[in-house]
Protein chains: 2
Amino acid sequence: MDRPVLPLVGAPRVERADAVRNRLHLLATAREMLAEQGTENLTMDGLAERAGLGKGTVFRRFGTRAGIFKALMEDEEQAFQKQVLSGPPPLGPGAEPLDRLIAYGRARVGFMIEHREITRAGLDGRQSVPTGSEATLSRMHIRMLLGQIHLGAADLDVLAVQLTAALEGPLLLYLSASDLTEASLQIEERTAQGWQDLVQRVCRP
Amino acid sequence: MDRPVLPLVGAPRVERADAVRNRLHLLATAREMLAEQGTENLTMDGLAERAGLGKGTVFRRFGTRAGIFKALMEDEEQAFQKQVLSGPPPLGPGAEPLDRLIAYGRARVGFMIEHREITRAGLDGRQSVPTGSEATLSRMHIRMLLGQIHLGAADLDVLAVQLTAALEGPLLLYLSASDLTEASLQIEERTAQGWQDLVQRVCRP
DNA sequence: AGCATAAACGGACTTTACCCCGTTTGCTAT
DNA sequence: ATAGCAAACGGGGTAAAGTCCGTTTATGCT
């Protein structure tokens, strides 16, 4: 007989069981090491050794060092978004879109400050700048809320990108400048207030 | 006699002549190599060798690989700003602040697209995200124009940061996503238009 | 169960950014 | 001039990211 054995073409197929196990184990190990040593001192060799796996495996799973941090952040992102989508009214459904947008910005600022170190580490120096989702979920949420606010003819997709950048950009700037052990609260408040002002300006009739 | 010979304390003093010479020579050499091989293939050893200098010197001058690209961009930035500050009216002085702001955004988009590769390479992966001026000049210009527009009580400093991010963020996002050999013009136009819409929204009475 | 195959694994190897420190050189004050 | 010295230079050394490829393993099919 001939070989029509080709199962599928090009399709990536499902992730194998051992792959899943190793990925989760590596992420858990990475979290441990991060808590103990900070992002700066996490090396690929170190992670592999501590996890009891080969270095090749680490790279196969995450592609790049930054990939690990991106994966970690994706988890946090998802938790955050779930909280946003199903939280109590100022943030979650039930309030006016504009109020939700304002509340979202405030929450997002807190979130970013909380996870600033991993976020930073997830930025890829080499090649494409904000590869991956980066802030995709955030942008989509903002985009959704904009759709519910009555704005004149406007390119909502572009506006969503702009607002996302206006929300996250300043944070990244501040977060990198200082180590903010104390200025933190002030920056958080100022940024949140600035977001509110901006959104109200943009969305007023 | 005692030694009041201490000339100054902590002050960095002036840059020595050989240092200046080497810095300029390295920048020129880097430009050559960039034109021939692209940013990706510029290595510190390669640069040092071609410039006929030691590797240590390259690092002493620029601190880091990204530092070279930052230095190159600083040159371009300065040229750009000069052009903006003393150019013909829609961009330079003589027009309404709001119109200048819009024109500035358009010019800036073009500038960024033109220099996207070096800009990207200048982003430091390791440590502090947008270290250095990055977009400081841009922000200051926007800040200045905002000051000339009559806006109600508003935190102009924060607003300037937000608008700068809203202008540059989307570009970085798009520029990284595609290699834009063709979509370029479309993206350029859409971003510029988006900027105009945003600014008009923010600044209307 | 047994087989075929694509995917995953491991770890040696390569490349490159960045550090260190002994040596050299341009300034400045005598 | 020239002595003293801070700054600059050079290039070998180190560490860590990322690649390669031969070996092992999970999975779907018969």
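A note on names: the letters A, B, ... follow the listed sequences, proteins ahead of strands, and every chain is numbered from 1.
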Visitor: Regarding B:Arg31 and B:Glu36, does a basic nitrogen lie under 4.0 Å from an acidic carboxylate oxygen?
Guide: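 Between B:Glu36 and B:Arg31 there is no salt bridge, as every charged N stays at least 4.0 Å from the carboxylate O atoms.
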Visitor: Consider the side chain of A:Ala17, meaning its heavy atoms from C-beta on, and name the nucleotide among D:dA7, D:dA26, C:dA17 that approaches it most closely.
Guide: D:dA26
Visitor: Donor-acceptor pair under 3.5 Å: do we get one between A:Arg65's side chain and the base of D:dA17?
Guide: no
Visitor: For the side chain of B:Met44, starting at C-beta, report the closest nucleotide among D:dA8, D:dA16, C:dA17.
Guide: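 Of the candidates, C:dA17 comes closest.
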Visitor: Counting only heavy atoms from other residues, nucleotides and ligands, does the tally under 6.0 Å from CD of A:Glu49 exceed 12?
Guide: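 Check fails, neighbour count at 12 or below.
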Visitor: Atom pairs, N/O to N/O, protein against nucleotides 10-13 of chain D, distance under 3.5 Å?
Guide:
residue	atom	partner	partner atom	Å
D:dG10	OP2	B:Gly54	N	2.9
D:dG10	OP2	B:Thr57	OG1	2.7
D:dG11	N7	B:Gly56	N	3.1
D:dG13	O6	B:Lys55	NZ	2.7

Visitor: Give the minimum heavy-atom separation between B:Lys70 and B:Gly122, together with the two atoms involved.
Guide: CE-O, 3.3 Å
Visitor: Rounded to whole angstrom units, what separation is found between the CG atom of A:Asn41 and the C1' atom of D:dA15?
Guide: 13 Å
Visitor: Inspect the contact between A:Glu188 and A:Arg106 and indicate whether a charged nitrogen and a carboxylate oxygen are less than 4.0 angstrom apart.
Guide: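 Salt bridge absent between A:Arg106 and A:Glu188.
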Visitor: Rounded to whole angstrom units, what separation is found between the CD atom of A:Glu40 and the P atom of D:dA15?
Guide: 16 Å
Visitor: Determine the minimum heavy-atom distance between B:Ala165 and A:Gly169, stating which atoms define it.
Guide: CB-CA, 4.1 Å
Visitor: Roughly, in whole Å, what's the span from CD in A:Glu15 to P in D:dT25?
Guide: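 Computing the A:Glu15:CD to D:dT25:P distance gives 19 Å.
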Visitor: What side-chain donor-acceptor pairs closer than 3.5 Å can you find for residues 141-149 of chain B, not counting sequence neighbours?
Guide:
residue	atom	partner	partner atom	Å
B:Arg143	NH1	B:Asp157	OD1	2.6

Visitor: Out of D:dA26, D:dA8, C:dC27, which has the shortest distance to the side chain of B:Asp18?
Guide: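 Taking heavy atoms from C-beta onward, the closest nucleotide is D:dA8.
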Visitor: Determine to 10° how strongly the helix from C:dA1-D:dT30 to C:dT30-D:dA1 is bent, judged from the axes of its five-pair ends.
Guide: 30°
Visitor: Would you call B:Glu77-B:Arg108 a salt bridge at under 4.0 Å N-O?
Guide: yes
Visitor: Below 4.0 angstrom from OP1 or OP2 of D:dA6, is there any side-chain N or O of B:Arg16?
Guide: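 Negative; the distance criterion is not met.
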Visitor: Hey, can you tell me if A:Phe80 and A:Phe111 have their rings parallel, tilted or perpendicular (30° and 60° cut-offs)?
Guide: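 Judged by the thresholds at 30° and 60°, the geometry between A:Phe80 and A:Phe111 is parallel.
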Visitor: Nearest-Å distance, NE2 (A:His25) to P (C:dG10)?
Guide: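 Rounded to the whole Å, the gap is 11 Å.
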Visitor: Tell me the interatomic distance from B:Ile68, atom CD1, to C:dT16, atom P, rounded to whole angstroms.
Guide: 14 Å
Visitor: If every non-hydrogen atom of A:Pro93 is compared with every non-hydrogen atom of A:Gly87, which pair is closest and at what distance?
Guide: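 Nearest pair, atom of A:Pro93 first, then A:Gly87: CD-O, 4.1 Å.
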Visitor: Could you tell me the separation between the CD atom of A:Glu49 and the P atom of C:dA12, rounded to a whole number of Å?
Guide: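 It is 12 Å, rounded to the nearest whole Å.
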Visitor: Flag the pair A:Glu15 and A:Arg61 as a salt bridge only when some basic side-chain nitrogen lies within less than 4.0 angstrom of an acidic carboxylate oxygen.
Guide: yes
Visitor: When you measure from the side chain of A:Phe59, which nucleotide among D:dT19, C:dC18, D:dT27 comes out closest?
Guide: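 That would be D:dT19.
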Visitor: Could you tell me the separation between the CG atom of A:Leu47 and the P atom of D:dA15, rounded to a whole number of Å?
Guide: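 Computing the A:Leu47:CG to D:dA15:P distance gives 19 Å.
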Visitor: Can you tell me the distance, in whole Å, between the CZ atom of A:Phe62 and the C1' atom of D:dA17?
Guide: 16 Å
Visitor: Is there a side-chain polar atom (N or O) of B:Thr64 under 4.0 Å from OP1 or OP2 of C:dC18?
Guide: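 Checking B:Thr64 against C:dC18: at least one side-chain N or O falls below 4.0 Å of OP1 or OP2.
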